[in-house]
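What follows is one structure encoded as structure tokens, with my remarks underneath.
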Amino acid sequence: TVGVITNIGPAHLELLGSIEGVAEEKGALLEHVSHAILNADDPMTPRLAKRARGQITRFGRGTEADASADEVEIDSSGRPSFTLRLNGHAVERVKLSCLGKHNVLNALAAACVGVWAGLTSAEIRMGLENYHAADMRMQPIAYNSLHIINDAYNSNPDSLKSALEFFSSMETTGKRIAVLGDM
């Protein structure tokens, strides 16, 4: 009934060959749903929107998005908070339990699903704040005096970039060490 495409990026290239192949494959979803939720910031969204068969809701950083975030802040542990805006109106202050500024866009996509499902802004805030990422997705691990962030679930160039941006912004008094594997 509802389809969400968070972005079109260089994931699954081993199977789909190119960014255009990724867009083609993800866009096929939109031909089978009555409501599409798309990233207003993604340059491929206009192309995807042409394939939508029903209503479209957009999330993103800009004012043209149906769901956006203002006053984004990252606390010392790396957890983002922001003011959720729905249809141009500030409705709730949200503090995510997952790490990384990049997860704000994921939260906005989820907020759009909440609006589609008829949830109140308070219910959407509670759902976003109670979400916990899957293991190995920006998973904080404390080991003695070490702070480890395990982001080994599945990598692609965009997710690696987000992880390294988060990593470089972390407050630390010691060294930062990144252990990277194949993609």
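The residues of the chain are indexed from 1 along the displayed sequence. Just so you know, these numbers use all the heavy atoms, side chains as well, and skip hydrogens, waters and symmetry mates.
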When you look at CZ of Arg61, are more than 12 heavy atoms from neighbouring residues, nucleotides or ligands closer to it than 6.0 Å?
-> no

Interatomic spacing from CZ in Arg125 to CG in Asn130 - rounded to 0.5 Å = 9.0 Å

Start with the C-alpha distance between Glu92 and Ser121, add both sets of side-chain angles, then the distance that settles side-chain hydrogen bond (donor to acceptor under 3.5 Å, both in side chains), and finish with yes or no.
-> CA-CA 7 Å; Glu92 296 283 341; Ser121 61; 3.2 Å; yes

From Phe167 CZ over to Leu160 CG, what is the distance, rounded to the nearest 0.5 angstrom?
-> 11.5 Å

Exercise answer: donor-acceptor pairs, residues 83-91 side-chain atoms, under 3.5 Å, sequence neighbours excluded:
| unit_1 | atom_1 | unit_2 | atom_2 | d |
| --- | --- | --- | --- | --- |
| Thr83 | OG1 | Glu71 | OE1 | 2.8 |
| Thr83 | OG1 | Arg93 | NH1 | 3.0 |
| Arg85 | NE | Asp70 | OD2 | 3.2 |
| Arg85 | NH1 | Asp70 | OD2 | 3.3 |
| Arg85 | NH2 | Gly88 | O | 2.3 |

Between CG on residue Leu48 and CG on residue Asn39, distance to nearest 0.5 Å = 10.0 Å

Out of curiosity, His147 NE2 to Arg176 CZ, how far, rounded to the nearest 0.5 Å?
-> 12.0 Å

Measuring from Glu24:CD to Glu20:CD, what's the distance to the nearest 0.5 Å?
-> 10.5 Å

Please round to the nearest 0.5 Å and tell me the distance separating atom CD of Glu129 and atom CD1 of Ile124.
-> 12.0 Å

What side-chain donor-acceptor pairs closer than 3.5 Å can you find for residues 100-117, not counting sequence neighbours?
| unit_1 | atom_1 | unit_2 | atom_2 | d |
| --- | --- | --- | --- | --- |
| Asn103 | OD1 | Asn106 | ND2 | 2.9 |
| Asn103 | ND2 | Leu99 | O | 2.6 |

Taking all heavy atoms of Val22 and all of Leu16, pick out the closest pair and write down the distance.
-> CA-CD1, 3.8 Å

In terms of heavy-atom contacts, does NZ of Lys95 have more than 12 from other residues, nucleotides or ligands at under 6.0 Å?
-> yes

Shortest non-hydrogen contact between Arg58 and Ala49, atoms and distance = NH2-CB, 3.7 Å

Contact summary for Ala23 and Met44, nearest pair of heavy atoms = CB-CE, 3.8 Å

Evaluate side chain to side chain contact (heavy atoms under 4.5 Å, CB included) for Val33 paired with Val2, printing each intermediate quantity in order.
-> CA-CA 5 Å; Val33 297; Val2 64; 5.8 Å; no

Verify side chain to side chain contact (heavy atoms under 4.5 Å, CB included) between Ile56 and Thr45, making sure each step is shown before the conclusion.
-> CA-CA 11 Å; Ile56 298 172; Thr45 290; over 6 Å; no

Where is the tightest heavy-atom contact between Ala69 and Phe82, given as atom of each residue plus distance?
-> CB-CD1, 3.5 Å

Nearest heavy-atom approach of Ser68 to Ala65 is CB-CB, 4.4 Å

Closest heavy-atom pair and its distance - Asp42, Ile8 | OD2-N, 2.7 Å

Mind checking who shares a hydrophobic cluster with Ile148, ILVMFWY linked at side-chain heavy-atom distances under 4.5 Å?
-> Ile141, Tyr143, Leu146

